[in-house]
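Residue numbers start at 1 and run along the sequence shown. Whatever order the structure lists them in is the order used to number ligands and atoms, beginning at 1.
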Amino acid sequence: MPGIWVMRIGHRPQRDKRVTTHVALTARAMGASGIFVDTPDPVLEENVRSVAERFGGSFRVKTGVGWKDALKDFDGVSVQLTMYGQKLDEGLPKIPQDRDIMIIVGAEKVPFEVYERADLNISVGNQPHSEIAALAVLLDRFTAGKNLYSERDGNMSVVPNERGKTVVERPS
Ligand code: SAM
């Protein structure tokens with residue numbers, strides 16, 4: 001099955017730790033294979049791995065990987081999420097379902113080179129908002145929501161419940 005990768009650009013460990021963690025967790029929850037983050041951040045790696053280990057799956061996280069390096073050997077289609085990009089409804093059909101994709105999201109100002117280098121620049125509306133929201137909308141549309149409740153075989157799993165919380169814990 002083709003992989004969905006996320007490349008997070010412009011991560012500032014102190015300022016962005018929560019947002020980048022949520023970018024990673026959203027990517028994982030919605031079926032991505034892994035995330036690359038440009039700035040080295042061992043704490044972020046540890047936090048995301050801890051969730052992935054407890055809740056299962058094979059999500060990968062690697063920090064200290066610049067976007068040029070991530071794209072250098074990437075044999076797939078790169079998609080930058082940007083408020084300046086083409087409309088989601090127009091860009092979505094151009095993303096192949098049978099190839100790996102790399103979704104690039106920024107933090108602060110994204111170098112213009114990224115706009116030139118990305119195969120597709122796609123917006124989720126043309127208003128400024130959030131990389132977490134943009135990623136979630138794109139992934140939900142691209143996968144038609146099929147990963148939202150997929151089994152991850154983790155030590156911890158949540159049983160959907162109309163009310164209350166049901167968590168099943170398996171001994172590791
Ligand atoms: N002002 C920055 C710029 O001009 O590049 C963007 C900062 S924004 C807080 C951080 C990231 O959220 C962007 O790089 C982009 O990936 C994503 N983003 C924000 N609004 C978006 C939108 N309407 N559509 C798609 N992505 C969006």
Side-chain angles (χ1 to χ4, degrees), residues 2-49 51-52 59-148:
I4 301 172
W5 300 90
V6 174
M7 175 72 233
R8 165 68 154 160
I9 294 183
H11 169 67
R12 299 152 292 185
Q14 274 318 308
R15 201 173 151 174
D16 299 323
K17 59 184 170 199
R18 196 153 182 274
V19 174
T20 305
T21 301
H22 287 187
V23 168
L25 295 183
T26 299
R28 176 187 168 274
M30 303 193 75
S33 310
I35 186 169
F36 299 103
V37 178
D38 55 359
T39 313
D41 190 338
V43 177
L44 174 83
E45 286 194 14
E46 175 54 35
N47 289 342
V48 174
R49 277 194 196 120
V51 174
F59 189 77
R60 292 173 58 191
V61 51
K62 195 163 181 204
T63 69
V65 182
W67 67 271
K68 286 183 188 168
D69 283 336
L71 287 183
K72 197 170 57 189
D73 299 321
F74 178 67
D75 181 23
V77 173
S78 54
V79 179
Q80 186 195 187
L81 280 168
T82 163
M83 63 183 276
Y84 307 105
Q86 64 186 300
K87 289 180 178 174
L88 178 61
D89 285 347
E90 288 164 16
L92 198 59
K94 298 176 189 165
I95 309 177
Q97 292 280 347
D98 60 352
R99 293 189 64 192
D100 286 355
I101 64 165
M102 176 90 70
I103 303 170
I104 305 165
V105 294
E108 44 176 8
K109 196 169 170 56
V110 172
F112 195 70
E113 223 182 324
V114 177
Y115 292 76
E116 295 175 320
R117 177 65 207 280
D119 294 309
L120 296 164
N121 289 288
I122 294 182
S123 59
V124 177
N126 290 125
Q127 303 299 320
H129 52 82
S130 147
E131 49 273 51
I132 304 167
L135 180 66
V137 170
L138 177 72
L139 286 178
D140 189 58
R141 294 269 193 102
F142 182 66
T143 64
K146 70 174 187 291
N147 300 309
L148 290 177

Peer 1: Show me which atoms of ligand 1 lie under 4.0 Å from any heavy atom of Tyr115.
Peer 2: 5 (O)

Peer 1: Of all the non-hydrogen atoms in the protein, which one sits nearest to atom 24 (N) of ligand 1, and at what distance?
Peer 2: Val124 N, 2.9 Å

Peer 1: Between the candidates Ser130, Gly106, Gly125, Ala133, which shows the shortest non-hydrogen contact distance to atom 18 (N) of ligand 1?
Peer 2: Ser130

Peer 1: Below 4.0 angstrom from a heavy atom of Ala134, which ligand 1 atoms are there? Numbered from 1 as shown, please.
Peer 2: 25 (C), 26 (N), 27 (C)

Peer 1: Applying a 4.0 Å heavy-atom criterion (strictly less than), which segment of Thr82 is in contact with ligand 1: side chain, backbone, both, or neither?
Peer 2: backbone

Peer 1: In ligand 1, which numbered atoms sit nearer than 4.0 Å to a non-hydrogen atom of Ser123?
Peer 2: 24 (N), 25 (C)

Peer 1: Is any side-chain heavy atom of Met102 closer than 4.5 Å to one of Phe36?
Peer 2: yes

Peer 1: Taking the side chain as every heavy atom from C-beta outward, state whether Leu148 and Asp140 have any atom pair closer than 4.5 Å.
Peer 2: yes

Peer 1: Can you list the steps and then say if Val19 with Glu131 is a side chain to side chain contact (heavy atoms under 4.5 Å, CB included)?
Peer 2: CA-CA 8 Å; Val19 174; Glu131 49 273 51; 3.7 Å; yes

Peer 1: Is atom CZ of Arg18 surrounded by more than 12 heavy atoms (other residues, nucleotides or ligands) closer than 6.0 Å?
Peer 2: no

Peer 1: Do Ile4 and Ile103 have side chains that get closer than 4.5 Å, going by heavy atoms?
Peer 2: yes

Peer 1: Are more than 12 heavy atoms, taken from residues, nucleotides or ligands other than Glu116, located less than 6.0 Å from that residue's CD atom?
Peer 2: yes

Peer 1: Does atom CZ of Arg15 have more than 12 heavy-atom neighbours, drawn from other residues, nucleotides or ligands, at distances under 6.0 Å?
Peer 2: no

Peer 1: What atoms of ligand 1 come within less than 4.0 Å of a heavy atom belonging to Tyr84?
Peer 2: 4 (O)

Peer 1: Which of the numbered atoms in ligand 1 are under 4.0 angstrom from any heavy atom belonging to Val105?
Peer 2: 16 (O)

Peer 1: Of the protein's non-hydrogen atoms, which lies at the shortest distance from atom 5 (O) of ligand 1, and what is that distance?
Peer 2: Val110 N, 3.4 Å

Peer 1: Considering only the protein, which heavy-atom contact is closest to atom 20 (N) of ligand 1, and what is its distance?
Peer 2: His129 N, 3.1 Å

Peer 1: On a heavy-atom basis, I'd like to know which of Met83, Lys87, Glu131 is closest to atom 21 (C) of ligand 1.
Peer 2: Met83

Peer 1: So which heavy atom in the protein is nearest atom 15 (C) of ligand 1, and how far is it from that ligand atom?
Peer 2: Leu81 O, 3.0 Å

Peer 1: Where on Glu108 is there a heavy atom closer than 4.0 Å to ligand 1, on the side chain, on the backbone, on both, or on neither?
Peer 2: backbone

Peer 1: What is the nearest protein non-hydrogen atom to atom 7 (C) of ligand 1, stated with its residue, atom name and distance?
Peer 2: Ala107 O, 3.3 Å

Peer 1: Heavy atom under 4.0 Å from ligand 1: found in Phe112's side chain, backbone, both, or neither?
Peer 2: neither

Peer 1: What atoms of ligand 1 come closer than 4.0 angstrom to any heavy atom of Gln127?
Peer 2: 20 (N), 22 (C), 23 (N)

Peer 1: Report yes if some heavy atom in the side chain of Leu92 is under 4.5 Å from a heavy atom in the side chain of Ile122; otherwise report no.
Peer 2: no

Peer 1: Among all the protein's heavy atoms, is there at least one whose distance to atom 1 (N) of ligand 1 comes out below 4.0 Å?
Peer 2: no

